[in-house]
Amino acid sequence: WFGRRSGNCAWYSLWRTAGGPHGQSDGFCALGAGTTCFVYRAAYLRCDALDPLSAFSLASDDGQMRAFLDAAGYLLVTSVFTEPEVERFRAAAAALADAAVEGDQSSWWGKSAAGDSVLCRCLKAGTHPTFSGLYDDPRMRRLAALLPEGMIHLPPQEQDAITAIYKNPGVTEGLSDLPWHRDCGMGGHASMCPTYVLSIYLYDATPAAGQLQFLPGSQDFGFGFADASQVKYGKAVTVPACAGDITLHIGDVMHAAPPPEGNAAPFRQSILLAFQPDFIHHRGERHYNDALLGAEDGQVPHLRQMVKK
């Protein structure tokens, strides 16, 4: 580790070998003291400032997007899907929700303050023909090419390959409002990482609808469990994604999904595409997140309850 103060912004960098064609080293900073995340690249002997709220588009340079994803741990790409495409996605997501059954072991459920069951996730969204071809979409292939070499995806119809997420207001039980976490945070890092998740937004992710938050650069640091509704990280970034946008993040970056602040629909809905290494750490037949399933009523406990256990 080393630190450096430049002007009024202190930053720290994690030194690691990049293994480039000339064997040079590349350093990635995590968090700046101000509003910028810094990346130190020894290969160029310079320090580049990255705006953690940067948004890219399909017209952006792949190298710049890859560098931002590697440094910050997440990436926002705007206007990837057209309005007619998003409308089709919404209809398909609604059909999946209508077909979901509590206790089917392929969906997550929570409860409202009134005790009503609410759907949080459909884990086999790839069974719907509207979503089954997403991995082969040229735009998704291009974005997947930003990931490290050797990343693959499960067959679309398999559980957790493509997931539909439904945010709901006022959920008092269940795993709808995710705390600050890593996707491997229940002890799965050694058996599943690195993993990446690409999220397609079907509605604008506003504070009223529910937003996704990231802690830039946190994939290189250790952080404990924290409830997003109670703990406010000063360096956290709320991603201003709109319908048709996508985010891409590494599973190791700290992120959270606090509850919607409003009570009027629509609330955030997303379609998630998962990417994983092209090798198997273990020979189990169940998925990592299946540890959350099992209840006959389909209720998935909040991580607060999982931590207490």
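Side-chain atoms are counted along with the backbone in the values below, which use heavy atoms only and exclude waters and symmetry mates.
Nearest heavy atom pair, residue Cys120 against residue Trp109, reads SG-C, 3.9 Å. Considering every non-hydrogen atom in both Gly262 and Phe267, the closest pair reads O-CE2, 3.6 Å. When all heavy atoms of Leu75 and Leu146 are compared, the pair lying nearest together is CD2-CD1, 3.8 Å.
For the pair Arg90 and Tyr203, the cation sits on the ring face: its NZ or CZ lies under 6.0 Å from the ring centre, inside 45° of the axis.
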Practice item. Dump the intermediate steps for side-chain contact (heavy atoms from CB on, under 4.5 Å) on Leu143 and Leu198, then the final yes or no. Key: CA-CA 9 Å; Leu143 294 170; Leu198 188 153; 4.1 Å; yes
Practice item. Step by step, work out the side-chain contact (heavy atoms from CB on, under 4.5 Å) result for Gln269 and Phe89. Key: CA-CA 10 Å; Gln269 292 184 15; Phe89 291 164; over 6 Å; no
Exercise for review: Please report the C-alpha distance between Ser117 and Glu102 in whole Å, then the side-chain angles of each, then the deciding distance to 0.1 Å, and finally whether the side-chain hydrogen bond (donor to acceptor under 3.5 Å, both in side chains) criterion is met.
Suggested key: CA-CA 8 Å; Ser117 293; Glu102 295 177 64; 2.9 Å; yes
Review point. Taking it one step at a time, do Phe214 and Met254 satisfy side-chain contact (heavy atoms from CB on, under 4.5 Å)?
Key: CA-CA 6 Å; Phe214 293 101; Met254 290 289 287; over 6 Å; no
Review point. After noting the C-alpha distance and the side-chain angles of Tyr74 and Val237, does the key distance pass the side-chain contact (heavy atoms from CB on, under 4.5 Å) rule?
Key: CA-CA 10 Å; Tyr74 61 90; Val237 170; 3.6 Å; yes
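Without hydrogens or angle criteria, Asp136 side chain to Gly133 main chain gives no donor-acceptor distance under 3.5 Å. For Asp245 (side chain) and Ser79 (main-chain N/O), a donor-acceptor pair under 3.5 Å exists by modelled atom type. Using modelled atom types, no side-chain atom of Asp70 and backbone atom of Gly73 make a donor-acceptor pair closer than 3.5 Å. Listed for the Lys167 side chain is no donor-acceptor partner under 3.5 Å among the backbone atoms of Pro266.
Side chain to side chain, Gln276 and Thr195 fail the donor-acceptor criterion of an N or O pair below 3.5 Å. Side-chain contact check for Asp51 and Ser54: no donor-acceptor pair (N or O, by modelled atom type) lies under 3.5 Å.
A distance of 11.5 Å separates CD1 of Ile162 from CG of Asp160, quoted to the nearest 0.5 Å. If you take CD on Glu85 and CG on Leu202, they are separated by 11.5 Å, rounding to the nearest 0.5 Å.
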